[in-house]
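Report on the following structure.
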Amino acid sequence: MFAALTKKLTMPTPDEALSGRPDAIPTAEEHFVLHVPLKAPVPEGCAEAIFGMGCFWGVERIFWQVPGVVNTAAGYTAGYTPNPTYEEVCSGKTGHNEAVRVVYDPTKVSYATLLKTFWENHDPTQGMRQGNDRGTQYRSGIYVTTDAQRREAEASLAGYNVLLQDKGFGAITTEVLPAGAFYFAEGYHQQYLAKNPNGYCGIGGTGVSCPVGLSMERSVQWNEEMERPDSPA
């Protein structure tokens, strides 16, 4: 059993990954909460962001509630197997992460605000797990769709890393990678916690605040401000 668990905590190589299939697996047609076509292209004037931060049921619920987000979907990314199933992803043999695709209106919510939401709602220092959920599919990841997103993501990671370690946490293990193929998960996973309000949600943050627009320099300034005698508790 230990050997099996260790295998699931280690990324497979492309040669070790399951072969998958040429066609997409079936999924839902419409977003259960937002009532838009689930797989609709990004509307003009909107943008796309992809995050992995543990079980995608809870992650998706967090993001569809953010004002300015116009669509979300649960899916699989950053792996090797084409069109994987949930069972294949959970086997640890596809390399994928459980992720959420977020389509948002930048005039109503910034990418920096989405990053704040990302950092504050999980523990990004846990490697191949999130709480009691263990496996490569539960790793922390930001999958960027533009160079601007990459710069913001890397700056916020550096800054939040300082804040977390100041509070006694380990180093951030979040991967920041270019967004590759995003495979929509099976229909029953989509908006799962809206359909099952009492369903499992293993998502939880560290309690460490992440200011919008955080960078390494801003995190040092933030720490200095908080250490002042007249700073709020």
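Only heavy atoms go into these numbers, but all of them, side chains included; no hydrogens, no water, no symmetry mates.
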Please name the pair of heavy atoms, one in [X] and one in [Y], separated by the smallest distance, quoted to 0.1 Å.
| X | Y | value |
| --- | --- | --- |
| Ala17 | Thr81 | CB-OG1, 3.8 Å |
| Pro12 | Lys93 | CG-C, 4.1 Å |
| Ala179 | Thr145 | CB-CG2, 4.0 Å |
| Tyr183 | Pro82 | OH-CA, 3.6 Å |
| Cys46 | Pro106 | CA-CD, 3.8 Å |
| Thr125 | Gly170 | CG2-O, 3.4 Å |

Take Tyr86 and Ile25 through the side chain to side chain contact (heavy atoms under 4.5 Å, CB included) test and state the conclusion after the steps.
CA-CA 10 Å; Tyr86 179 66; Ile25 60 174; over 6 Å; no

Say you draw a straight line from [atom1] of [X] to [atom2] of [Y]; how long is it, rounded to the nearest 0.5 Å?
| X | Y | atom1 | atom2 | answer |
| --- | --- | --- | --- | --- |
| Thr173 | Asn161 | OG1 | CG | 9.5 Å |
| Thr206 | Phe169 | OG1 | CZ | 4.5 Å |
| Glu98 | His189 | CD | NE2 | 7.0 Å |
| Ile142 | Met53 | CD1 | CE | 10.0 Å |
| Asn97 | Met128 | CG | CE | 8.5 Å |
| Glu88 | Ser19 | CD | OG | 7.5 Å |

Measure from the side-chain N and O atoms of [X] to the backbone N and O of [Y], and report whether any donor-acceptor pair falls under 3.5 Å.
| X | Y | value |
| --- | --- | --- |
| Tyr138 | Gly131 | no |
| Arg150 | Val144 | no |
| Glu60 | Gln191 | yes |
| Gln190 | Ala74 | yes |
| Arg61 | Gly58 | no |
| Asn71 | Pro37 | yes |
| Glu120 | Cys210 | yes |
| Gln137 | Gly92 | no |
| Thr77 | Ala181 | yes |
| Lys8 | Gly135 | no |

For a side chain to side chain contact (heavy atoms under 4.5 Å, CB included) check, start with the C-alpha distance between Tyr143 and Phe182, then their side-chain angles and the critical distance, and finish with the verdict.
CA-CA 10 Å; Tyr143 306 101; Phe182 179 88; over 6 Å; no

Do [X] and [Y] sit in one hydrophobic cluster, given that two such residues count as connected whenever their side-chain heavy atoms are within less than 4.5 Å of each other, even indirectly?
| X | Y | answer |
| --- | --- | --- |
| Val100 | Val176 | yes |
| Ile50 | Leu38 | yes |
| Leu177 | Val89 | no |
| Trp64 | Val66 | no |
| Val33 | Val36 | yes |

State which residues pass side-chain contact (heavy atoms from CB on, under 4.5 Å) with [X]; sequence neighbours excluded, sorted by chain then number.
| X | value |
| --- | --- |
| Ser215 | Ala155, Glu217, Arg218 |
| Glu152 | Tyr111, Ala112, Leu115 |
| Val162 | Met216, Ser219, Asn223 |

Please write out which residues are connected to Val103 in a hydrophobic cluster, directly or through intermediates, given that two of Ile, Leu, Val, Met, Phe, Trp, Tyr count as joined at side-chain heavy-atom separations below 4.5 angstrom.
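Members besides Val103, by chain and number: Val42, Val70.
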
Intermediate values then yes/no, ring pair (Phe, Tyr, Trp, His ring centres under 6.0 Å), Phe56 and Tyr192
CA-CA 9 Å; Phe56 50 20; Tyr192 180 87; 9.2 Å; no

Mutual orientation of the aromatic rings belonging to His122 and Phe118 [parallel < 30°, tilted 30-60°, perpendicular > 60°]
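Geometry flag for Phe118 against His122: tilted rings.
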
Going by the rule side-chain hydrogen bond (donor to acceptor under 3.5 Å, both in side chains), which residues pair with Glu48 if we only count those two or more places apart in sequence or in a different chain?
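So Glu48 forms a side-chain hydrogen bond (donor to acceptor under 3.5 Å, both in side chains) with Arg101.
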
Determine, step by step, whether Trp119 and Leu157 satisfy the side chain to side chain contact (heavy atoms under 4.5 Å, CB included) criterion, reporting the C-alpha distance in whole Å, the side-chain angles of both residues, the deciding distance to 0.1 Å, and the verdict.
CA-CA 9 Å; Trp119 294 123; Leu157 186 156; 3.7 Å; yes

Run the ring-centre check on Phe51 versus Phe63 and record whether the distance is less than 6.0 Å.
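They qualify: ring centres under 6.0 Å apart.
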
Under the side chain to side chain contact (heavy atoms under 4.5 Å, CB included) rule, what do Ser209 and Lys116 come out as? Steps first, then yes or no, please.
CA-CA 8 Å; Ser209 177; Lys116 173 182 173 66; 4.0 Å; yes

Which pairs count as ring-ring contact (aromatic ring centres under 6.0 Å, His included) when at least one residue sits in residues 194-219, sequence neighbours excluded?
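Counting only pairs at least two positions apart or across chains, no ring-ring contact (aromatic ring centres under 6.0 Å, His included) contact touches residues 194-219.
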
Just wondering, are more than 12 heavy atoms of other shown residues or ligands nearer than 6.0 Å to NZ in Lys108?
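No - once you tally the heavy atoms of other residues, nucleotides and ligands closer than 6.0 Å, there are 12 at most.
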
Is the shortest side-chain heavy-atom distance between Leu163 and Pro211 below 4.5 Å?
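They are in contact (side-chain heavy atoms under 4.5 Å apart), so the answer is yes.
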
Using side-chain heavy atoms (C-beta onward) and a distance below 4.5 Å, is Leu114 in contact with Val69?
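SC-SC contact between Leu114 and Val69 confirmed.
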
